[in-house]
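When a ligand or atom number is given, it counts from 1 through the structure's own listing order. Just so you know, these numbers come straight off a predicted model, no measurement behind them.
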Amino acid sequence: MKVLEAEFVKGFIRMCSDGWEQGWHERNGGNLSYRMKDEEVAAVEENFVPGEWKEIGTSVPGLAGEYFLVTGSGKYMRNVPLDPEDTIAIAEIDQAGEKYRVVWGLKNGGRPTSEFPSHLMNHEVKKAIDPRYRVIYHCHPANTIALTFVLPLDDKVFTRELWEMATECPVVFPAGIGVVPWMVPGGRDIAVATSKLMKTYDVAIWAHHGMFAAGFDFDLTFGLMHTVEKSAEILVKVLSMTDHKRQTIQPDQFRALAKDFHVTLPEKFLYEKD
Ligand code: 2HA
Ligand code: ZN
């Protein structure tokens with residue numbers, strides 16, 4: 001089968017254009033990766049032309065031998081649907097989890113996203129928790145980023161404030177949201193900090209930069225990002241009108257919601273406010 005005919009590739013490309021249409025991918029901002037299933041590798045491997053092995057820049061032994069569909073460094077999300085063979089790639093991880101090689105795509109050269117170390121370390125953590133996790137998505141959504149200038153950079157505050165903005169939020173991200181303070185992007189340190197949060201959460205906010213989300217498939221991961229950013233948009237509107245909410249969802253109301261919707265909401269987020 002041709003790579004571009006495979007359903008997982010079509011889903012990946014659609015997610016890139018959906019993110020662009022949301023305004024989350026100015027210039028070459030943001031990146032996406034997908035850990036391929038064995039049957040998906042088998043269906044397209046006849047097209048593979050392996051390139052040189054290169055250092056990942058970090059170690060991911062839990063991903064040895066895995067294949068990833070990933071956006072290219074410096075590539076624009078808005079161009080992915082127009083020319084996927086130039087903008088995305090399939091990369092294979094070596095048996096030590098130290099190196100990768102491009103086996104398809106990036107036909108005009110280049111390498112996987114500059115955030116490949118963060119993506120892979122997040123994938124490694126998520127795969128160990130539940131092998132159904134396959135998607136890691138990074139974007140630059142304006143409202144979430146705006147909040148990192150006014151809210152304390154604290155998991156508890158971000159989670160609680162975003163939960164309060166839309167009743168579906170605690171059901172969509174019951175584990176909460178992690179926050180990484182400002183760090184230099186692209187390197188191992190920010191990858192380590194993010195993957196540590198991914199042990200607990202499916203969402204990590206990078207202060208003054210953007211957001212990472214993890215999920216089982218494209219719909220769930222895009223939907224998660226969309227829900228968090230929508231909630232952030234409502235909070236930005238509220239904070240633009242007033243610094244005081246006249247009414248909001250209360251801790252006991254969250255507890256009642258958790259019971260009916262069969263989710264566990266950690267008590268650390270249901271603190272009493274002054
Ligand atoms: O340009 O978003 O964090 C890609 C990025 C880097
Ligand atoms: Zn970024």
Among non-hydrogen protein atoms, atom 5 (C) of ligand 1 lies closest to Asn31 ND2, 3.5 Å
Logged contact type for His140 with ligand 1, heavy-atom cut-off 4.0 Å, is side chain
key: Residue His209, metal the Zn ion (ligand 2), N/O/S under 2.8 Å   = yes
Using modelled atom types and a 3.5 Å cut-off, is there a donor and acceptor pairing between side-chain atoms of Glu85 and backbone atoms of Lys107? no
Residues Gly176 and Thr159: closest non-hydrogen pair is CA-CG2, 3.5 Å
message = Under 3.5 Å between any N/O of His209 and any N/O of ligand 1: does that happen in this structure?
response = yes
Under 4.0 Å from one or more heavy atoms of Gly30, ligand 1 contributes atoms 2 (O), 4 (C), 5 (C)
Worksheet item: Considering distance alone, does some N or O of Pro185 sit under 3.5 Å from an N or O of ligand 1?
Response: no
Atom name of the N, O or S atom of His140 nearest to the Zn ion (ligand 2) is NE2
The atoms of ligand 1 lying under 4.0 Å from a heavy atom of His138, numbered in the order shown, are 2 (O), 3 (O)
- prompt: If we ignore angles and hydrogens, is there a donor and acceptor under 3.5 Å between the side chains of His138 and Ser118?
  reply: no
A student checking ligand 1 against Asn28 at a 4.0 Å heavy-atom cut-off should list atoms 1 (O), 4 (C)
Ranked by distance from atom 3 (O) of ligand 1, the top protein heavy atom is Glu115 OE2, 2.5 Å
Across all chains, not counting sequence neighbours, the side chain to side chain donor-acceptor pair (under 3.5 Å) partners of Asp252 are Arg255
By ring pair (Phe, Tyr, Trp, His ring centres under 6.0 Å), Phe48 pairs with (sequence neighbours left out) Tyr67
Margin query: Can you tell me if Lys245 has over 12 outside heavy atoms packed within less than 6.0 Å of its NZ?
Written below: yes
Report task. Could you tell me whether the side chain of Glu229 and the main chain of Asn143 form a donor-acceptor pair under 3.5 Å? Result -> yes
